[in-house]
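Worksheet: the structure to be examined is printed underneath.
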Amino acid sequence: RAQAPKIAERAQYEAVAQPDGSIRYPKTNPDGTPKDPIREKGDVYLVDCCVTGSNEGTKKDPKCSLLLVFKELIFPAIQNLVGPGKEYEDCHVIIQGDQAGPHEDGTFSQFVNNYCAEQGWTWQPQAPQMPHANVLDLSVFPAMSKRHSEWARKLVGTSVISTAQIWDMANEVYNAMPNSKIASAFIQYWRIMSHVIKAGGSNEFVGRMGKDKTLHTGIRNDFDETAKGMKPSARHP
């Protein structure tokens, strides 16, 4: 979900469904008294919008520009972790793109590649149609989806939750996800790619990874969880 600010061009009133199924925005209550608008002319409010590579849209049709997101939020956040004197100063930054449509925008691609090159970082695209070669699709998103569903059932049972609840819960799920889960995804990705290479790029590698034909790679046997990620297990010196 992406949102961007928009300026109200006039006073706006709450939508009211009519008996015939149409939607109207009455300025008065059923008893004839005036209604308060939900926003006045000139008010700034957030609207759902499309994600683009570099197009910021217009004030009437705003867009979520990934270029601005990376420039103003993501890259500064990374600098705050790996910059001079920071906790991870000696770490090499690798940023993974998945070659989704907005990521292929020429202006965006040129910006992130140039910025990463200047910082000595690596911008590494991954195949868009190969989810097991993308740590998010491989492990992080499935783990978030599972936990999101579990929390939603505890909240409302089998009822449908609102868009706002879905969004808030997704943020809570992500913030509660341990660093070790994300770190283990990189190990799993590395090991799965070795099977892909051995299988000559075909999907036959899945059947070679165990009797249950899953994507498990024995990470829990070989690594231990830490507060910041994973480390080789003492059980396997």
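Just the heavy atoms: all of them, side chains too, but no hydrogens, waters or symmetry mates, feed the values below.
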Problem set entry | Closest non-hydrogen atom pair, Ile23 against Ala17 | CD1-CA, 3.7 Å
Problem set entry | Heavy-atom closest contact (Ser233 atom, Asn221 atom, distance) | CB-O, 4.2 Å
Problem set entry | Heavy-atom pair of closest approach, residues Pro76 and Phe70 | CD-O, 3.6 Å
Exercise. For Glu72, what residues pass the side-chain contact (heavy atoms from CB on, under 4.5 Å) criterion, not counting sequence neighbours?
Worked result: Leu68
Exercise. If you count the non-hydrogen atoms of other residues, nucleotides and ligands that lie under 6.0 Å from CD in Glu14, is the total more than 12?
Worked result: no
For this session: Under the side-chain contact (heavy atoms from CB on, under 4.5 Å) rule, what do Ile7 and Tyr45 come out as? Steps first, then yes or no, please.
Result: CA-CA 6 Å; Ile7 300 176; Tyr45 62 104; over 6 Å; no
Exercise. Between Glu172 and Arg147, does at least one N-O distance fall below 4.0 Å, as a salt bridge requires?
Worked result: no
For this session: May I ask you to say whether Asp222 pairs ionically with Arg191, meaning some side-chain N is under 4.0 Å from a carboxylate O?
Result: yes
For this session: Write down the atom of Ser54, the atom of Asp105, and the distance for their closest heavy-atom approach.
Result: OG-OD1, 3.0 Å
Exercise. From Ser139 OG over to Met144 CE, what is the distance, rounded to the nearest 0.5 angstrom?
Worked result: 11.5 Å
Seminar exercise, completed: OG (Ser180) and NZ (Lys231) are apart, to the nearest 0.5 Å, by 12.5 Å
Seminar exercise, completed: Scanning both residues in full, the closest heavy-atom pair of Lys59 with Pro62 reads O-CD, 4.1 Å
For this session: Could you verify whether a donor N or O on one side chain and an acceptor N or O on the other, from Asn113 and Ser109, lie under 3.5 Å apart?
Result: yes
Seminar exercise, completed: When every non-hydrogen atom of Met230 is compared with those of Ala183, the smallest separation belongs to CG-CB, 3.7 Å
For this session: Answer yes or no: are there more than 12 heavy-atom neighbours, outside Gln119 itself, under 6.0 Å from its atom CD?
Result: yes
Problem set entry | Phe75/Tyr115 under ring pair (Phe, Tyr, Trp, His ring centres under 6.0 Å): CA gap, chis, key distance, verdict | CA-CA 9 Å; Phe75 284 158; Tyr115 186 95; 4.3 Å; yes
Seminar exercise, completed: The reported gap from CD in Gln165 to NE2 in His148 (rounded to nearest 0.5 angstrom) is 9.5 Å
For this session: Quick one: list whatever passes salt bridge (charged side-chain N to carboxylate O under 4.0 Å, His left out) with Asp43, sequence neighbours left out.
Result: none
For this session: Give the C-alpha distance, both sets of side-chain angles, the deciding distance and a yes or no for side-chain contact (heavy atoms from CB on, under 4.5 Å) between Val16 and Arg24.
Result: CA-CA 5 Å; Val16 177; Arg24 294 187 180 182; 5.7 Å; no
For this session: Would you sort out whether Gln12 and Arg39 count as a side chain to side chain donor-acceptor pair (under 3.5 Å), showing the intermediate values?
Result: CA-CA 5 Å; Gln12 298 177 356; Arg39 60 183 60 92; 2.6 Å; yes
Exercise. Got a second to check how far Asp61's CG is from Cys50's SG, nearest 0.5 Å?
Worked result: 7.5 Å
Problem set entry | Between OG1 on residue Thr58 and CG on residue Asn55, distance to nearest 0.5 Å | 8.5 Å
Exercise. In terms of hydrophobic clustering (I, L, V, M, F, W, Y; side-chain heavy atoms under 4.5 Å; direct or indirect links), are Tyr174 and Trp151 co-clustered?
Worked result: yes
Problem set entry | Co-membership, hydrophobic cluster, residues Ile166 and Val47, 4.5 Å side-chain | no
Seminar exercise, completed: Contacts of Lys35 meeting salt bridge (charged side-chain N to carboxylate O under 4.0 Å, His left out) (sequence neighbours excluded), chain-then-number -> none
Exercise. Roughly how far, to the nearest 0.5 Å, is the SG atom of Cys64 from the CD atom of Gln3?
Worked result: 10.0 Å
Exercise. Checking side-chain contact (heavy atoms from CB on, under 4.5 Å) for the pair Glu225/Lys181: CA distance, chi angles, key distance, verdict?
Worked result: CA-CA 8 Å; Glu225 296 182 0; Lys181 178 60 182 177; over 6 Å; no
Problem set entry | Derivation of the side-chain contact (heavy atoms from CB on, under 4.5 Å) call for Met177 and Val140 | CA-CA 9 Å; Met177 177 170 289; Val140 177; 3.9 Å; yes
Exercise. Do Thr122 and Ile95 come within less than 4.5 Å of each other through their side chains, counting heavy atoms only?
Worked result: no
Problem set entry | Near-ring test Trp123/Phe111, centroid separation under 6.0 angstrom | no
